Each structure stands twice: as C-alpha cells, then as structure tokens.
4 protein chains.
Amino acid sequence: MQFTSDKAIYLQIKQLVMEKILREEWPADAKIPSVREFGSDIEVNPNTVMRAYDILQQDKIIYNKRGLGFFVSPDAIEIIKRERKQEFIHTDLPLLFKTMELLKIELNEIIQHYNDYKS
Amino acid sequence: MQFTSDKAIYLQIKQLVMEKILREEWPADAKIPSVREFGSDIEVNPNTVMRAYDILQQDKIIYNKRGLGFFVSPDAIEIIKRERKQEFIHTDLPLLFKTMELLKIELNEIIQHYNDYKS
Amino acid sequence: MQFTSDKAIYLQIKQLVMEKILREEWPADAKIPSVREFGSDIEVNPNTVMRAYDILQQDKIIYNKRGLGFFVSPDAIEIIKRERKQEFIHTDLPLLFKTMELLKIELNEIIQHYNDYKS
Amino acid sequence: MQFTSDKAIYLQIKQLVMEKILREEWPADAKIPSVREFGSDIEVNPNTVMRAYDILQQDKIIYNKRGLGFFVSPDAIEIIKRERKQEFIHTDLPLLFKTMELLKIELNEIIQHYNDYKS
DNA sequence: GTGGTCTAGACCACC
DNA sequence: GTGGTCTAGACCACA
C-alpha cells in the first residue's frame, strides 16, 4: 500500500476502509483487522490506524466489542453513502460547475470525457 | 472574506486572485491591490498575501514594477486556463467519475443538477 | 442484554446481579445462575461472568458451595446498601450538586423531574 | 495540576477547559494557551493536550486560526451548557432516581444533603 | 511562534 | 489476543 503525501495518512486509511466496506469486501458485522495487524499490513504505525478507526467509530461506520476488536456496522454502507452523497452534491458538484464556468467548459465536453472513462 | 481553515490561506488568496482575473474584474496590465491594501481588505497578514503574489509571479500570472506594484500579466488568462484545464481533466474529473461509480450516481443526475445550477 | 462499551463488562454484570438482589428477584440463599448459563443468557464469555462473581464473592455478597454453584448471601442486601450508600452520599451527590451549580439548575427543577419520574 | 487516574487525562483536560470557559476565566474569542504552553503548565505531553483541543474543536467550543492558536468560540458557553444539561437530564438524573429507588432513599434526604452542601 | 502528523515504544485493562 | 492511553521526540507547513 502506498499513500499520497498530500493528505494525512489516517484520512487515507479511513477512506480505504470505507471503500472496502462499500465494495463489500468487509461485509456487515464482519471483524476488521486489528490495529496492529492492519498497521503491519500497510506498514503504518498502529497508533495511526487507531486514529482512523476512532473516527470511523464516531461516524458509526464501525463498532467495537471490548477485547475482541472492531466490526463493520450493519448500516455502514448506508451511512457512508449518505455522507458522501451530501458532500458530492453540496461541495463537489458546485465546485465542478464553478470551474466549468470559469474555464468556459461546456457540459458536452464533460459527457464526452465520461463516455471515454466508462469505456 | 472568510477562509476555510482546511487549506492554506495563501493558496486560497492565490485562488481568489486567479478568479478575479478570469472574471476580468482585474483585466490585463491592470494594477492589482498592494499587499498591505489587499491584506487589510481581507484581514490577512501582508506577509501571507505576499506569499501568494510571489507564487503568482513565478507562474507569470502577475508581474512586478519596482516601486509601483503588481500588475496582471497580458497572457494571464491563457496561463491560468491552461494550468487549470490540465488539472481539471486529469485529476478532478477522474476523481468525480470514480465517486459517481461508488455511489451509483448516473450521468442524468449530474445533468439535472447542472440545469438547476444554471437557472 | 446490551452493555455500554464505556464500562468494563464484568462491572456491568456485577451491577446487574446486585440490582437483582436488591429487587429481591434473587432472594437470600437462592442459587444464582451458573457462569455458563448466565453467560449464554447475556451473550458474554463465561470467564467474564466468573470475574464478576469472584468480586461479588470477595464482597461477601454471594457465596459458593463447591460443586453446587453460587448463592445469595443472607446479608447481601445489607452489604450492598451500605457500600452503595457511602458512594452515593460522598461521591455521587456532591458531583451532582456541583453540576447543578455550574449549570445554574435549582432544586425545584430536580423535584419536578422526580415527580415526573415517579408517575 | 493533579489528575485522577480513573479517567483519561485528555478528558480531564477537556473538562478543565470547559470549566474555565464557564467561569469566564477564558472569555469568548480569547486565545487559550498553546498546546505546548498548557502542556508544560499542567505537566502533560503536548500531544495529550492536543487530543483534548481536537475534541473541543469538533464540538465547536473552541476554534483555530491557522498559525495563531486556539480561541474560545463566541457561543462556547451556550454549547457547553446545552450539552451538559442534556446529559444531566437524560443520564445523570435517571441514574440518581434509580439509585434512590434501589436504596430506598426519599427525596427529603436529598434535599437535606443539598442544604448542607449549600451552606 | 502556532497547530498537525507520525513514529516508536511503553503500560494498562479487558476478554 | 484486543483496544486505549500516554510519552518522547521528530518533522512539516503555516503565519
């Protein structure tokens, strides 16, 4: 696993976990790797993994059973999608449209790129 | 002027200046505010404004006449557009499409939001 | 049975047992469930239940007959009440009063809530 | 400054800060000590102080100006009181009443202790 | 000067 | 074995 240096590692780990959940690699109520195990997998200090797990727990995306480990929350996917969609619609899209305006890019061009991407 | 705290202020200032140029609020060869003036306008330390101007000058988006101040470069718009368009197409768009995929958002929805935005 | 994750489970079990005794659900000299039975009831590892029973035995709230199981001590209620009352008066109440002071809550309001609670 | 060992230090620091704000030792928009300064004051590692500040910032009780430090949020007192009152009414009080019931303590006795406390 | 991140290593309670 | 807390020390970007 390689990390970009322009974003905090613990945030990238958070992202990584959420993607694994979305892809159902880690299904609901499944145990996720312990902080030590995951840390050694991706070559990151367990404390840093812990920080990511901590936030994920606050967001109710994972939960903890004392002495056993962290588990995927039953409604994790729903929560993640809800959060991300909010951000997408209220932050990402407006930014996209504003940039399009400034650069005088038409919608057609976006659609063109989209079709290229899908194929 | 309010700044987001999750991005360096000097970068937000740089962004702001580029937008003003793109919108032709500050046309080619026009004098832009001095670091002190602009700094007090937006309630930011002049040093921080200077840092933004420095980078803009390196990018040849503005130029300096000693003792007179900073001025918009004649080909500023062209430079900005070239830079931003690269980033837009090769970084922003792919990221957007990836998010759409994960959230199962169709292109139709984007078009819908776009029309809402334009009106 | 659900447990809060912010307190040790064995302590929550201890609490639970003491409440059952105080409510006389488990009267004096009655046999209480075996660690295995109780553990499977509340979905907790028998070792953890054992740890709670151990402490309860040390406190002389329950006693053990080898090969037969654990039983409620004749003076269990008295012991529990003595312990808890000390803690209640010298720890819980002062803390409560301090909070009331900080939040500017008057005694009247407490009495009001008490009446609501009783009805 | 001394800390109880039965509660995480960073939580006690959070508590301490909130009390200083409630007592208006640190008024609205005032700068609070830097993590290093406060850490050396109370003889705690700056990282631990940071953890407390982090949570306080999430709760919008303090805010950050990049490169300058942390400041008391204008509506900090209101937020703290709201939070604490919720907890008081929905957690502390029900627990109090339940304990009173179990220990067969009457309201009179509480009132008695309250008067003793006030004098 | 300020926060923010990360590591390494320690110690603890809990299951 | 698991999480959770804390320290010490390092490095960085930012104002």
Side-chain angles (χ1 to χ4, degrees), chain A residues 3-13 31-40 42-54 56-57 62-71, chain B residues 3 5-13 35 39 43-52 55, chain C residues 3 5-13 35 39 43-52 55, chain D residues 3-14 31-40 42-57 62-71:
Chain A
F3 294 100
T4 352
S5 61
D6 64 325
K7 222 181 145 189
I9 293 178
Y10 74 90
L11 290 176
Q12 297 181 56
I13 294 174
K31 183 180 180 306
I32 69 175
S34 77
V35 286
R36 292 187 239 260
E37 191 184 343
F38 201 36
S40 92
I42 59 181
E43 291 181 318
V44 154
N45 191 294
N47 286 330
T48 305
V49 177
M50 185 52 158
R51 189 162 177 188
Y53 281 14
D54 217 28
L56 287 163
Q57 191 177 22
I62 61 177
Y63 64 92
N64 174 263
K65 289 190 199 166
R66 290 183 75 109
L68 300 178
F70 284 98
F71 298 78
Chain B
F3 294 98
S5 59
D6 62 324
K7 217 180 151 189
I9 291 178
Y10 77 92
L11 289 176
Q12 296 181 58
I13 294 173
V35 288
E43 291 182 319
V44 156
N45 191 308
N47 291 327
T48 308
V49 178
M50 190 55 187
R51 188 161 177 189
I55 295 176
Chain C
F3 294 99
S5 59
D6 62 325
K7 218 181 150 189
I9 291 178
Y10 78 90
L11 288 177
Q12 296 181 58
I13 293 173
V35 288
E43 290 181 320
V44 155
N45 191 308
N47 290 327
T48 307
V49 177
M50 191 54 187
R51 189 162 176 190
I55 295 176
Chain D
F3 294 100
T4 354
S5 60
D6 63 326
K7 221 182 148 189
I9 292 178
Y10 74 90
L11 289 177
Q12 297 181 57
I13 294 174
K14 187 194 167 201
K31 183 181 181 303
I32 69 175
S34 77
V35 286
R36 291 187 241 259
E37 191 185 342
F38 201 35
S40 93
I42 58 181
E43 292 181 316
V44 155
N45 190 294
N47 286 330
T48 306
V49 178
M50 185 54 155
R51 188 162 179 189
Y53 282 14
D54 217 29
I55 297 174
L56 287 164
Q57 190 177 22
I62 62 178
Y63 65 91
N64 173 263
K65 288 191 200 166
R66 289 183 76 108
L68 299 178
F70 284 99
F71 297 79

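Labels below follow one simple rule: chain letters A, B, ... track the order of the sequence lines, proteins then strands, and each chain is numbered from 1. What you see is a predicted model, and the numbers here were worked out from it, not measured in a lab.
Between Phe70(D) and Tyr53(D), the ring-plane angle classifies as perpendicular under the 30° and 60° cut-offs.
Summarising the geometry of Lys7(A) relative to Gln12(A), their closest heavy-atom pair is O-NE2, 2.7 Å, with the distance given to 0.1 Å. Residues Ile55(B) and Tyr10(B) approach most closely at CD1-CE1, 3.3 Å, considering heavy atoms. Contact record, Gly69(D) with Lys31(D): CA-CE, 4.5 Å, taken as the closest heavy-atom pair.
Counting heavy atoms from C-beta outward, Gln57(D) and Asp54(D) have side chains that approach closer than 4.5 Å.
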Nucleotide-level pairing of DNA chain E, given in dot-bracket where Watson-Crick and G-U pairs need both distances under 3.5 Å and | marks other strands | ||||||||||||||.
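For the pair Ile13(B) CD1 and dC14(F) P, the interatomic distance rounds to 12 Å; values are reported in whole Å. One atom, NZ of Lys7(B), and another, P of dA15(F), lie 12 Å apart when rounded to the nearest Å.
In this structure, Arg36(A) and Tyr53(D) both approach DNA chain E, and ranking their closest nucleotides by distance from the 5' end singles out Tyr53(D). Position along DNA chain E of the nearest nucleotide to Thr48(C) versus Leu11(A) favours Leu11(A) as the more 5'-ward residue. Both Asn47(B) and Arg51(D) lie close to DNA chain F; mapped to their nearest nucleotides by heavy-atom distance, the more 5′-ward contact belongs to Arg51(D).
Contacts between chain D and DNA chain E, taken as any atom within less than 4.0 angstrom of a protein heavy atom, begin and end at dG1(E) to dC6(E).
The line from CG of Asn47(A) to CE of Met50(A) is 8.5 Å long, rounded to the nearest 0.5 Å. Within the model, atoms CD1 of Ile9(C) and CZ of Arg51(C) stand 11.0 Å from one another, a figure rounded to the nearest 0.5 Å. For the atom pair CG of Asn64(A) and CD1 of Ile32(A), the computed distance is 9.5 Å after rounding to the nearest 0.5 Å.
At a threshold of 4.0 angstrom between heavy atoms, the contacts of Val44(A) are confined to the sugar-phosphate backbone, with no base atom among them.
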